[in-house]
J.: 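Below is a structure I'd like to ask you about.
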Amino acid sequence: MYPEEIVIPMKEELTDNGFNELLTPQEVENALEQKGTTLVMINSVCGCSAGSARPAVLMAVANASKKPDQLTTSFAGFDIDAVTTLRTHLLPYPPSSPSIALFKDGQLVHFIERHQIEGRPAQLIASNLIAAFDEYCN
């Protein structure tokens, strides 16, 4: 498990911008049982989280005309039980962090894996997310 002093600022980058944390398996289940769209950012300490994933998610939410009903996040390597539960909803995709998932009425409809984040600019990832929001969000 990562040290709290490293993780907290990375969590706050999202929570300070309207994302709710999913800290337990029950919080994951409750979030995904909601009607509508739920964006889940699986946060991590890796450089591609800071360089592309977190900025892209924030950019997409800030600039999209259609937005998910719920903005949520869980931290790989820290919120271990919650992320383990979340990953059961991401099958058949293998564990990937960072990653970004969009659910509609509890069903996974769009997923961006780590290999689609690494080496890509935040603007490109944000454009991908905005297109998914346009398709699935009201």
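From a predicted model like this one, the values you see are computed outputs, not experimental measurements. Because only heavy atoms are used, hydrogens play no part in the values below, and waters and symmetry mates are left out as well, while side chains stay in.
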J.: Drop me the distance from L102's CG to C137's SG, to the nearest 0.5 angstrom.
T.: 5.0 Å
J.: Aromatic rings Y93 and F111: how do their planes relate, parallel, tilted or perpendicular, breaks at 30° and 60°?
T.: tilted
J.: Flag yes if I130 and F19 sit in one hydrophobic cluster, no otherwise; membership is Ile, Leu, Val, Met, Phe, Trp, Tyr, and two members link when side-chain heavy atoms are under 4.5 Å apart.
T.: no
J.: Could you check E27 against N20 for side-chain contact (heavy atoms from CB on, under 4.5 Å), going step by step and ending with a plain yes or no?
T.: CA-CA 10 Å; E27 289 177 347; N20 294 314; over 6 Å; no
J.: Should F75 and I8 be marked as a side-chain contact (heavy atoms from CB on, under 4.5 Å) after you check the CA-CA gap, both sets of side-chain angles, and the distance that decides it?
T.: CA-CA 10 Å; F75 207 101; I8 296 302; over 6 Å; no
J.: Applying side chain to side chain contact (heavy atoms under 4.5 Å, CB included), can you list everything that pairs with P3, at least two apart in sequence or on another chain?
T.: E5, I6
J.: Under the rule for side chain to side chain contact (heavy atoms under 4.5 Å, CB included), what residues qualify as partners of T84, not counting sequence neighbours?
T.: I80
J.: May I ask whether L71 and I125 are part of the same hydrophobic cluster, defined by side-chain heavy atoms of I, L, V, M, F, W, Y residues being less than 4.5 angstrom apart, directly or through others?
T.: yes
J.: Can a donor-acceptor pair be found, under 3.5 Å and without considering hydrogens, that links the side chain of S74 to the backbone of I42?
T.: no
J.: Side chains of N17 and E13: do they bring a donor and an acceptor to under 3.5 Å?
T.: no
J.: Membership question, hydrophobic clusters at under 4.5 Å side-chain separation (ILVMFWY): are M1 and V7 in the same one?
T.: yes
J.: Do I117 and L58 belong together in a cluster built from hydrophobic side chains that touch within less than 4.5 Å?
T.: yes
J.: Within the side chain of D69, is there an N or O that forms a donor-acceptor pair under 3.5 Å with the backbone of T37?
T.: yes
J.: Is there a path from Y136 to I100 through hydrophobic residues (I, L, V, M, F, W, Y) whose side chains come within less than 4.5 Å of each other?
T.: yes
J.: To the nearest 0.5 Å, how far apart are CD in Q107 and CG in L32?
T.: 9.5 Å
J.: Set out, in order, the CA-CA distance, both residues' side-chain angles and the distance that settles side-chain contact (heavy atoms from CB on, under 4.5 Å) for L23 and K11, then state yes or no.
T.: CA-CA 11 Å; L23 302 174; K11 285 179 162 235; 3.5 Å; yes
J.: Once rounded to the nearest 0.5 Å, what's the spacing between atom CD1 of I112 and atom CG of N128?
T.: 4.0 Å
J.: Within the distance-only criterion (no hydrogens, no angle test), does the side chain of D105 pair as donor or acceptor with the backbone N or O of K35 below 3.5 angstrom?
T.: no
J.: With no hydrogens and no angle check, is any side-chain donor or acceptor of K67 less than 3.5 Å from a backbone partner on V61?
T.: yes
J.: Using only atom types and a distance under 3.5 Å, with no angle test, would you say the side chain of R54 pairs donor to acceptor with the backbone of S44?
T.: yes
J.: Between F133 and L39, is the side-chain contact (heavy atoms from CB on, under 4.5 Å) condition met? List the steps.
T.: CA-CA 9 Å; F133 298 168; L39 181 68; 3.9 Å; yes
J.: For Q26 and N30: C-alpha separation, side-chain torsions, deciding distance, then whether side chain to side chain donor-acceptor pair (under 3.5 Å) applies.
T.: CA-CA 6 Å; Q26 191 58 55; N30 291 346; 2.8 Å; yes
J.: Under 3.5 Å, is there a donor-acceptor pair between the side chain of R114 and the main chain of S97?
T.: yes
J.: Please give me the minimum heavy-atom distance between F103 and L90, naming the atom from each residue.
T.: CZ-CD2, 3.7 Å
J.: What are the two closest heavy atoms between T85 and E29, and how far apart are they?
T.: CG2-OE2, 3.2 Å
J.: Does some side-chain heavy atom of C46 sit less than 4.5 Å from a side-chain heavy atom of E118?
T.: no
J.: Taking the side chain as every heavy atom from C-beta outward, state whether L22 and D79 have any pair of such atoms under 4.5 Å apart.
T.: no
